Amino acid sequence: MCDDSEKIETCYLCGKKFDMNKSELAYYRYDKYPICDYCAEFYSFYKEDI
């Protein structure tokens with residue numbers, strides 16, 4: 001089941017509002033802090049590989 005509804009979040013790092021469901025690189029840091037596509041790409045070297 002795919003959820004195509006809008007899920008507007010505010011990036012924890014830059015404060016930009018974005019749609020989490022339409023972003024390719026966006027993720028939640030520590031399952032709590034939303035990170036937008038731009039910051040996810042820019043700070044990708046900080047992302048933990050699990």
Side-chain angles (χ1 to χ4, degrees):
M1 187 165 96
C2 184
D3 187 10
D4 290 334
S5 64
E6 243 183 21
K7 186 173 184 182
I8 303 300
E9 295 284 0
T10 302
C11 180
Y12 180 72
L13 298 174
C14 71
K16 176 184 170 187
K17 292 196 180 289
F18 66 99
D19 186 350
M20 182 62 87
N21 291 334
K22 292 185 179 173
S23 299
E24 293 182 22
L25 301 174
Y27 67 99
Y28 288 99
R29 181 77 168 169
Y30 303 121
D31 295 325
K32 187 176 181 180
Y33 305 106
I35 308 296
C36 72
D37 281 343
Y38 176 78
C39 290
E41 184 175 2
F42 187 79
Y43 295 106
S44 64
F45 56 92
Y46 286 119
K47 192 170 181 180
E48 300 166 332
D49 291 325
I50 299 175

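On a predicted model such as this, the values are computed, not experimentally measured, just so you know.
The hydrophobic clustering, which links ILVMFWY residues whose side-chain heavy atoms are closer than 4.5 Å, places Met20 and Leu25 apart. Phe18 and Tyr12 are members of different hydrophobic clusters when ILVMFWY side chains are connected at heavy-atom separations under 4.5 Å. Placement of Tyr30 and Tyr43 within a single hydrophobic cluster is found when ILVMFWY residues are connected by side-chain heavy-atom separations under 4.5 Å, directly or transitively.
Distance OG/Ser23 to CD1/Ile35: 11.5 Å, rounded to 0.5 Å.
A distance-only check finds a donor-acceptor pair linking the side chain of Asn21 to the backbone of Ser5 [under 3.5 Å]. Formation of a donor-acceptor pair under 3.5 Å by the Asp19 side chain with backbone atoms of Ile8 is not found in this model.
In the displayed structure, Tyr28 atom OH is contacted under 6.0 Å by more than 12 heavy atoms of other residues, nucleotides or ligands.
Between Cys11 and Cys39 the shortest heavy-atom distance is SG-SG, 3.8 Å.
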